[in-house]
Protein chains: 2
Amino acid sequence: MATAARSTKYRRQSDTDLSRMEIMEGAALCFEARGYSATSLDEVAARISSTKGRIYHHYGSKAELFLDVYRAGMMMNFQAIEPILERQMPAIERLKAVLKAHVLCVIRTKPFQNVVGQGVDMLRHGTMPANEHAELEQLAALRDAYSDHFRTVLEQAMADGDIAYANIKIALNSVFMCINGPIVWFTPRKGQDEREIEAVADECVLYAIRLLGYTGDMP
Amino acid sequence: MATAARSTKYRRQSDTDLSRMEIMEGAALCFEARGYSATSLDEVAARISSTKGRIYHHYGSKAELFLDVYRAGMMMNFQAIEPILERQMPAIERLKAVLKAHVLCVIRTKPFQNVVGQGVDMLRHGTMPANEHAELEQLAALRDAYSDHFRTVLEQAMADGDIAYANIKIALNSVFMCINGPIVWFTPRKGQDEREIEAVADECVLYAIRLLGYTGDMP
DNA sequence: TTGACAACATACTCGATAGTATGTTCAAGT
DNA sequence: ACTTGAACATACTATCGAGTATGTTGTCAA
């Protein structure tokens, strides 16, 4: 009985998560296309051939949905790079690998990453209603933690003498601008296979490490 | 009489331009802080201690005001770099100079540049009502022309063998991401003098040309 | 001085949309 | 069979903000 109840609960939970994910994907596309405040929940619902009722069944407000998309985007990023951080290799190699993993991730999850970006400067300028503001800051902390992973690898590679920068804040910001670039300028074309995407990513990574003073070649 | 009428007209025109500029500055700050669609014209009016009536006296719509800010931002950019393009010097030196002029310009006119950025991806995603859409495309062409100036210098420096890139579209995008970075991450601090700002600009330029494979030092 | 107009301010309208209240369906449990 | 509740859809309300209509003031020309 406990088992039955639990299995039921799990199945239900799974259904719920599936439904929420579908909503989030539609929301991410809409937010990317027109921005948070220009997007109506009716649009989001229409995109997934549904109605606003479904969204409000799963989310308490528009802001709550936005924050869930934000969180999902950050999770995708962490999952992309964390396995690499544990590898035993020279810092410069780990840096290359982590940068490439990040670029591939942002290309593949572009709408979500765009929402992350919107969330970042939403916090910076204090939009967002007061009640959700707490969670927004929590997500910003997540973003900082993510950024710190890169900062650490940068400092190690700098200590090894493989790269050189003046001000780490500016250097890190510039690197992020560079590897997040595809969020802005990349447009997937019809019939673009995995090879081409990887080539784009490689070029972005090359520019990012060159920016840091690296003069070697790419593997 | 004709002279008197013209002088009056000119003075009026000057007053009008002053008033419009004040409105534009308020609008740029608001658009930067909360985005185009989240910004109400009442907010813009309040920021300049005025009312919506004044704005609608000078502009036919919210979109029209936005486009005027966009255009003003682009003009600031052109004025910053055009004198440099005519200088006689090696392409790589002209590249450095033009990059620095751009960075200094975006730092000094940050709110306007932010609006330019919003305008760019407004076109990309087809927001903006149909009637103003024509002018938006006209402004996008301006933006392309601006970008072409950089592309040209890049190609010359490449021909001289001073820099090296694989795909010029990706390289150019990466350079712009880098030198436009301050629009996003730069926050002016109290008592920050011209020297510090120039140091930030120099570092951005350094990263931008390193990104292109330049291995020399900065002057 | 008076008429006219530019440059606003004030006071409205009206459509869009976030949020809510209520209705419907269907699957699972008893 | 009947109940219950999750997962929606439908129908409504309330607010906010773009745009408009009208009022006010100061200035210049005749």
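Chain letters run A, B, ... following the sequence lines, proteins first, then strands; residues in each count from 1.
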For [N], take OP1 and OP2 only and decide whether either is under 4.0 Å from a side-chain N or O of [X].
X	N	value
B:Ser40	D:dC16	no
A:Ser19	D:dA7	no
A:Ser50	D:dA9	yes
B:His57	C:dC8	no

### Query
Can you name the residues that form a side chain to side chain donor-acceptor pair (under 3.5 Å) with B:Ser37, not counting sequence neighbours?
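B:Ser37 satisfies side chain to side chain donor-acceptor pair (under 3.5 Å) with A:Ser37 once adjacent residues are dropped.
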Round to a whole Å and report the spacing from [atom1] of [X] to [atom2] of [N].
X	N	atom1	atom2	result
A:Ile55	D:dT10	CD1	P	14 Å
B:Glu132	D:dG19	CD	C1'	13 Å
A:Lys62	D:dT15	NZ	C1'	14 Å
B:Leu41	C:dT10	CG	C1'	16 Å
B:Asp17	C:dA7	CG	C1'	14 Å
A:Lys52	C:dT17	NZ	C1'	6 Å
A:Tyr56	C:dT22	OH	P	17 Å
B:Asp42	D:dG19	CG	P	12 Å

Lys/Arg-Asp/Glu bridge criterion (N-O < 4.0 Å) met for [X], [Y]:
X	Y	answer
B:Glu25	B:Arg47	no
A:Arg54	A:Glu22	yes
A:Lys169	B:Glu203	no

### Message
Pick the closest DNA chain C nucleotide for A:Ala38 and for A:Gly60 by heavy atoms, then say which residue is nearer the 5' end.
### Response
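Whichever sits nearer the 5' end wins; that is A:Ala38.
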### Message
So if I take every side-chain heavy atom of B:Arg54 and compare against C:dG19, D:dC8, C:dC8, which nucleotide ends up nearest?
### Response
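The answer is C:dC8, which lies nearest to the side chain.
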### Query
Of the candidate nucleotides D:dT10, D:dG19, C:dA18, which contains the atom at the shortest distance from the side chain of A:Thr51?
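Nearest listed nucleotide: D:dT10.
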### Task
Determine, for B:Tyr56 and B:Lys62, whether the Lys NZ or Arg CZ falls below 6.0 Å from the six-membered ring centre while staying within 45 degrees of the axis.
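Not flagged: B:Lys62 not positioned over aromatic ring of B:Tyr56.
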### Query
Centre of A:Tyr59's six-membered ring, under 6.0 Å away, within 45 degrees of the axis: is that where NZ or CZ of A:Arg20 sits?
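A:Arg20 over A:Tyr59 ring: yes.
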### Query
Looking at DNA chain D, which of residues 20-34 of chain A put a heavy atom within less than 4.0 Å of it?
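Within residues 20-34 of chain A, no residue comes under 4.0 Å of DNA chain D.
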### Message
Heavy atoms only, 4.0 Å cut-off, all strands: where does A:Ser37 land among base, sugar-phosphate and nothing?
### Response
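It contacts nothing in the nucleic acid.
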### Aromatic centroids of A:Phe176 and A:Phe150 separated by under 6.0 Å
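Ring centroids of A:Phe150 and A:Phe176 are less than 6.0 Å from each other.
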